[in-house]
Amino acid sequence: MTAATMTAIEIAEPGPPQVLRAVTRAVPQPAAGEVLIRITAAGVNRPDVLQRKGLYAPPPGVTDIPGLELAGEVVQQGADVHEPAIGSQVCALVAGGGYAQYVCAPVVQCLPVPEPLTLEEAAAVPETFFTVWHNVFERARLRRGETLLVHGGSSGIGTTAIMLGKAFDARVLVTAGSAAKCQACLELGADLAINYHDSDFVAATLAATDGRGADVILDMVGGDYLARDAAAAAFEGRIALIATQGGSTAQLDLRVLMHKRLTLTAATLRAQPVANKGRIAQALLQEVWPLFATRGLRPQVRARFPLADAAAAHQLMESAAHLGKIVLLAP
C-alpha cells in the first residue's frame with residue numbers, strides 16, 4: 001500500500017543551495033494518463049539550479065518541487081492507464097517533482113529502464129537524452145559523417161552529446177574548461193577537446209576541419225558565443241541553442257548567417273506540451289534505447305547524494321569540479 005506522505009525537497013525561498021530543505025508532503029495522486037512512481041533516484045540538472053535561484057519558474061499547474069528526471073517503480077495507475085504495469089521499472093521525464101520519494105508522470109514520458117542500466121544510472125538519462133535527441137538530431141538534423149561541436153563537453157548534456165554523436169558516427173569536437181575535463185571528454189569518445197581557457201574554439205574548429213567548420217553546433221552558453229558559433233560553422237551549418245549560461249543577449253552579424261546559409265534553432269524542453277515529449281520518447285525508444293546494449297551507452301554518473309543532501313548536490317553542480325551527471329538517492 002502506498003504511503004500517505006513522503007519526503008520531498010522544497011525551495012524555501014530563492015537563494016543559494018542552503019534554501020533547499022527536506023519537508024513532508026502528501027503523496028500525489030495520478031491523474032488520467034499518469035502513473036505514480038516510487039522514486040529510487042533522481043537526476044540533478046542545471047534548470048533545477050535556476051529554479052532554486054528564482055530564475056526558472058515551473059510551468060503553470062506544475063508542483064514547486066524541483067527535479068526533471070527520475071527512475072523507479074510504478075506503484076499506481078491513473079484512469080485509463082494499462083501500461084506501464086504496476087511493478088514496472090521505468091525512467092521518466094517530468095516538468096517538476098523529481099526531488100521526492102514519489103512523483104506522478106505522464107505515461108507517454110515514461111520509458112523502460114534500458115538494459116543493462118541500474119535505476120541510479122537510468123535516473124540520469126531522460127533530461128539530457130530528450131534534450132540532445134530533440135535539438136541535435138531532430139531540429140539540427142545531424143547526419144552520419146558530419147562534424148558536431150559541443151560546448152560544455154564535460155557537462156551532463158555534453159557527455160550525452162558525445163555519446164550519441166559517436167553512436168551515430170559523427171565526428172565530435174567539444175569545448176571544456178580544464179585539462180582534466182578535456183581528458184574526460186576524450187576518454188568518452190570525443191575526437192578533439194578544446195580548452196577554452198587556452199584556445200580559441202573558432203580557430204581550433206576550423207583547423208580540425210581543414211577550414212570547413214562544424215556542421216552542427218550545440219550551444220548552452222549563448223551570449224557572445226553565438227557570433228563565434230557562426231564563424232565556426234560550416235556552410236549550411238546548424239546552430240542549436242538550448243541555454244543562455246553566458247548571457248541572454250547577443251550581437252550578431254546577420255550577413256554571416258545569410259552568406260553561410262546557416263540555420264539557428266533554439267528550444268527549451270520543460271514547457272513543451274506532453275504530446276511533444278511523448279513523441280520524443282517514442283523516437284528515443286526506437287532509435288536510441290537499443291544502443292545502450294549494442295553500443296555500450298552509459299550515462300556518466302559522477303556523484304551520488306542522499307535526497308536530503310540536495311544542497312550539497314547543487315553546490316557541486318555550481319562548482320568548477322562538476323563532471324557528468326549528479327543523482328539524488330531517495331530513502
Side-chain angles (χ1 to χ4, degrees), residues 2-3 5-11 17 19-28 30 34-52 56 58-59 62-76 84 88-106 109-114 117-131 155-157 159-160 269-270 277 281 284 298-318 322-331:
T2 304
T5 61
M6 66 177 184
T7 299
I9 301 298
E10 71 175 16
I11 301 167
V19 302
L20 297 173
R21 64 184 183 188
V23 296
T24 299
R25 293 277 187 100
V27 171
E34 295 182 340
V35 291
L36 178 67
I37 301 169
R38 181 189 295 119
I39 297 172
T40 297
V44 177
N45 292 282
R46 187 69 59 175
D48 306 342
V49 173
L50 296 177
Q51 180 176 337
R52 190 203 76 224
Y56 191 32
V62 172
T63 177
D64 63 302
I65 298 169
L68 303 176
E69 61 181 350
L70 60 295
E73 179 184 349
V74 175
V75 295
Q76 190 177 337
S88 299
Q89 292 191 336
V90 297
C91 57
L93 181 77
V94 292
Y99 288 19
Q101 290 179 292
Y102 293 89
V103 71
C104 292
Q109 293 173 207
C110 297
L111 287 163
V113 172
L117 301 191
T118 66
L119 281 168
E120 289 182 17
E121 290 173 319
V125 168
E127 172 69 12
T128 58
F129 277 73
F130 273 68
T131 297
S155 67
I157 291 285
T159 55
T160 299
L269 183 63
R270 188 180 192 182
K277 298 174 188 175
L284 286 169
R298 206 165 208 111
Q300 299 300 296
V301 178
R302 298 298 183 100
R304 298 166 173 83
F305 293 87
L307 179 63
D309 289 343
H314 276 223
Q315 286 176 326
L316 176 59
M317 170 153 278
E318 293 184 88
H322 171 228
L323 280 168
K325 293 287 292 189
I326 302 168
V327 298
L328 299 175
L329 307 180

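This is a predicted model, so every value here is computed, not measured.
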### Query
Does any non-hydrogen side-chain atom of L329 lie less than 4.5 Å from one of L307?
no

### Message
Less than 3.5 Å apart, any donor N or O on the side chain of Q51 or R270 sitting next to an acceptor on the other?
### Response
yes

### Query
Does a side-chain heavy-atom distance below 4.5 Å link N45 with T128?
yes

### Task
State, with a plain yes or no, whether a side-chain heavy atom of L328 is found less than 4.5 Å away from one of Y99.
yes

### Any pair counted as salt bridge (Lys or Arg N to Asp or Glu O under 4.0 Å), so long as it reaches residues 322-331, sequence neighbours left out
E69-K325

### Query
Can you find a heavy atom in the side chain of L117 that is under 4.5 Å from one in the side chain of V125?
yes

### Query
Is H314 reaching over with its side chain to a backbone N or O of L316, donor-acceptor style, under 3.5 angstrom?
no

#### Entry: Nearest atoms (heavy-atom pairs only) where L284 meets F129
CD2-O, 3.8 Å

### Query
Which atoms form the tightest heavy-atom contact between A122 and P126, and what is the distance?
O-CD, 3.3 Å

### Query
Can you name the one residue among L111, L70, I37, V35 that meets side-chain contact (heavy atoms from CB on, under 4.5 Å) with V90?
I37

### Partner set under side chain to side chain donor-acceptor pair (under 3.5 Å) for E120, not counting sequence neighbours
R304

### Query
In Å and rounded to the nearest 0.5 Å, what is the CD1 to CD1 distance from I11 to I65?
10.0 Å

### Query
Hey, does the side chain of T160 reach the backbone of G156 with a donor-acceptor pair shorter than 3.5 angstrom?
yes

### Task
Establish, from distance only, whether the side-chain atoms of D48 and Y56 form a donor-acceptor pair under 3.5 Å.
no

### Message
For a quick test of reading the model, state the closest non-hydrogen atom pair linking G97 to I39 and the distance between them.
### Response
O-CD1, 4.2 Å

### Query
Any sub-3.5 Å donor-acceptor pair from Q109's side-chain atoms to L93's backbone N or O?
yes

### Any V27 side-chain heavy atom under 4.5 Å of Q76 side chain
no

### Gap between atom NE2 of H322 and atom CE of M317 - 0.5 Å precision
4.0 Å

### Query
Which pairs with one or both residues in residues 307-318 pass salt bridge (Lys or Arg N to Asp or Glu O under 4.0 Å), sequence neighbours excluded?
R52-E318, K53-E318

